[in-house]
Amino acid sequence: PRIGRNKQGSNVIRLNKGDTIHSIFGLNDKNIVRIITKNDKYDISVRELEAGSSVSKGRKVIPMKGDNIITCKIFQHK
């Protein structure tokens, strides 16, 4: 029998209405995530993000109202 997170109807990733997931990466504190949107470019240092124990609702780090993600790339700090 399925128990815990594996059972039908459980939520591991919680999204608000209208939220979507573009990409999921395995990263460390030496990485920078470059997010290119329709309107802008963002470089986010993983060092500056709060550590979490799972993929969840999370904290929004870029404004997405009226924008769309085109691509995401991973770089190393120099």
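The chain is numbered in sequence order, starting from 1. Everything numeric here is computed off the predicted structure, so don't read it as measured data.
Separation of atoms CG (D29) and CD (E48) is listed at 11.5 Å; rounding is to 0.5 Å.
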Derivation of the side chain to side chain contact (heavy atoms under 4.5 Å, CB included) call for N31 and H77 = CA-CA 6 Å; N31 295 130; H77 278 283; over 6 Å; no
Run the numbers on K73 and I32 for side chain to side chain contact (heavy atoms under 4.5 Å, CB included), then give the verdict.
-> CA-CA 8 Å; K73 297 179 181 181; I32 296 172; over 6 Å; no
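Hydrophobic clustering, with ILVMFWY side chains joined whenever heavy atoms are under 4.5 angstrom apart, keeps I24 apart from I70. By the rule that hydrophobic residues join a cluster once side-chain heavy atoms approach within less than 4.5 Å of another member, I35 and L49 end up as members of one cluster. Hydrophobic cluster membership differs between V46 and F75, with clusters built from Ile, Leu, Val, Met, Phe, Trp and Tyr side chains linked at under 4.5 angstrom.
Looking at residues two or more places apart in sequence or on another chain, you find a side chain to side chain contact (heavy atoms under 4.5 Å, CB included) between K41 and R34, I36. With sequence neighbours excluded, the residues that form a side chain to side chain contact (heavy atoms under 4.5 Å, CB included) with N39 are T37, D67.
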